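A short worksheet on the structure shown next.
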Amino acid sequence: MTADEELRMDETTQDEVIVVGGGMVGAALAALLGEAGISVTVLDARPAPLASDEVGRGLPAPRVSALTPVSQRLLTHLGAWSWMAERRVSPYQGMRVWDGEGSGEIAFEAVDIGLRELGHIVENDIVLAGLETRLAALPSVTQRYGARVSGIAREDETQTLTLDDGSRWTAPLVVAADGARSPLRRLAGIEVREHDTGHVALVTTLRCEQAHGGVARQVFLPDGPLAFLPLRVDEDDHHCSIVWSTRPEHAEKLLALSPEAFAQALGDAMEGRLGKLDVLDKVHHFPLTQRHARDYTAPGLALIGDAAHSIHPLAGQGVNLGFLDAAVLAEEIIHARQRGVALGDARTLARYARRRRGDNAAMLALMDGFRLLFGARHPALRLIRNVGLSSTDKLMPLKRIMIRQAAGERGELPAVCR
Ligand SMILES: Cc1cc2nc3c(=O)[nH]c(=O)nc-3n(C[C@H](O)[C@H](O)[C@H](O)COP(=O)(O)OP(=O)(O)OC[C@H]3O[C@@H](n4cnc5c(N)ncnc54)[C@H](O)[C@@H]3O)c2cc1C
């Protein structure tokens, strides 16, 4: 051990709440608690915050999220949305979903439920930089970068975290927001139900010959869904971010193609609906594993966001569910504190888990259902899904319910999302 490390072993920093992982979800929770005057430290392994003056310039970053109006309300409440909107957010008013192996198709329009838009496609870096900017302005929030948590121990109602530089951090409540592979979840011994979806997601940015018209498109192909998410770049609506979920063998073949051949394969899969395509970025790939933690809480510990659940991106729900976790947990903590209840109290954490687990589990099951139904090659199932899509398209009341669900308008929403 170096002298520096030995010195850090003696350093112990205390706070009221420690959030491990300052990604989009952890940052949102810290901002909500910070706004209520609760003293929070965010520990993140990344070396530094995002360079906020660089995000949202030039070619869109490859990782984007479809944000629901409910998430938009949370980000607006936090003052992050106006910051993001000044950089780049791309509203979409319509959605088309069809079966690549048949004639079934369904169209959704925001006006059908009296909304201006169904949601926005936003680069993850813009969301995160907006939240980091908000955090920097909150006096009760401390952000620490290059802080990799490598141990957790509990004693006398207090959690002690150890970082890999040897320093120690203590708080009565620790929140794991450290992503799908959550090291903290593993260190705390919380089991996770995990299954490989059999899909890899290919992600890139392209320019389409035809304007997307503010419509998100998704075709269900035999090997998995392909989504075209509309982006608005300098008033131009010809850019899209794509997420192509497919079998690993197929993904490997697609990754070996030249950009021109990849664009051709994409155009064919999309039935040429947006004309000729130009691939503008490298093709990035992500394995898709669904995970659900068996418990969302342990004494003095709560899991939120991808640390609690990671979900197939076919309905663009992952970070939206995470924002709801953050908003509900913050609401429970703030209410408990107003009643003089200690931070980390077991009943407060249990209420959070009760309010969020069912919604997340239902969404995970729905994504599995979609994936299996649209991956099925049996002629009877193909007929059912095509007839199902086309008949649902004609049933406006049912469509309205589906749009509201996808927009996040379900169950009892936390006040900051209403
Ligand atoms: C291809 C693809 C497309 C997607 N599209 C959508 C979409 O359209 N809409 C949507 O809602 N969701 C979408 N998602 C899901 C979404 O990206 C995730 O749900 C979201 O990023 C999770 O955020 P998070 O803050 O929980 O975790 P993360 O973003 O993973 O953040 C975790 C943070 O923890 C930090 N960390 C990790 N380990 C440690 C440690 N030991 N110590 C300290 N810090 C640590 C990391 O540095 C990181 O900053 C998509 C996902 C994929 C793969």
Side-chain angles (χ1 to χ4, degrees), residues 18-30 41-50 62-68 70-72 90 92 119-125 127-128 131-132 143-152 161-165 169 174-188 197 199-204 216 218 224-229 241-246 251 283-291 293 303-326 360 363-364 367 406-408:
I18 298 177
V19 179
V20 178
M24 293 184 280
V25 175
L29 174 72
T41 296
V42 184
L43 301 175
D44 198 284
R46 285 179 289 130
L50 291 167
R63 294 291 306 269
V64 305
S65 295
L67 297 180
T68 61
V70 168
S71 294
Q72 183 185 351
S90 308
Y92 61 100
H120 288 79
I121 311 297
V122 191
E123 292 147 72
N124 290 2
D125 283 357
V127 182
L128 186 52
L131 286 166
E132 284 179 347
Q143 295 168 269
R144 284 275 183 274
Y145 292 91
R148 185 176 296 279
V149 172
S150 55
I152 184 166
L161 295 168
T162 312
L163 269 54
D164 60 4
D165 65 1
W169 299 72
V174 167
V175 179
D178 50 351
R181 291 170 192 274
S182 176
L184 196 53
R185 183 183 66 212
R186 183 176 39 77
L187 290 165
T197 61
H199 283 163
V200 170
L202 303 183
V203 171
T204 193
Q218 178 144 275
L226 165 62
F228 272 55
L229 306 174
S241 173
I242 64 118
V243 182
W244 193 345
S245 307
T246 191
V283 181
H284 303 261
H285 55 102
F286 305 90
L288 297 178
T289 303
Q290 282 212 160
R291 298 184 179 86
L303 268 50
I304 60 170
D306 274 24
H309 44 77
S310 50
I311 184 167
H312 195 295
L314 74 87
Q317 288 293 327
V319 78
N320 293 296
L321 296 178
F323 281 147
L324 282 172
D325 296 347
N360 291 331
M363 201 52 88
L364 283 156
M367 291 315 106

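The figures here come from the full heavy-atom set of this structure, side chains too, leaving out hydrogens, waters and symmetry mates. Whatever order the structure lists them in is the order used to number ligands and atoms, beginning at 1. Counting begins at 1 with the first residue of the sequence. Small disclaimer: the values here were computed from a predicted structure and weren't measured.
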Would you say ligand 1 has an N or O under 3.5 Å from any N or O of [X]?
X	answer
V25	yes
G318	yes
L288	no
I304	no

For ligand 1, which atoms, with element, lie under 4.0 Å from some heavy atom of [X]?
X	result
G23	25 (O), 31 (O), 33 (C), 49 (O)
V203	1 (C)
R63	17 (O), 51 (C), 52 (C), 53 (C)

Quick one: which of [options] has a heavy atom closest to [atom]?
atom	options	answer
atom 4 (C) of ligand 1	P313, G316, A176, G151	P313
atom 48 (C) of ligand 1	L229, D44, L43	D44
atom 45 (C) of ligand 1	S245, A45, A28	A45
atom 32 (C) of ligand 1	A27, A177, A227, S65	A177

Original post:
Does at least one non-hydrogen atom of G322 fall below 4.0 angstrom from an atom of ligand 1?
Top reply: no
**OP:** Identify the protein heavy atom lying closest to atom 5 (N) of ligand 1, giving its residue, its atom name and the separation to 0.1 Å.
**Re:** V64 O, 3.8 Å
Original post:
Among all protein non-hydrogen atoms, which one is nearest to atom 42 (N) of ligand 1, and what is the separation to 0.1 Å?
Top reply: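 Residue, atom and distance for the closest contact: V149 N, 3.0 Å.
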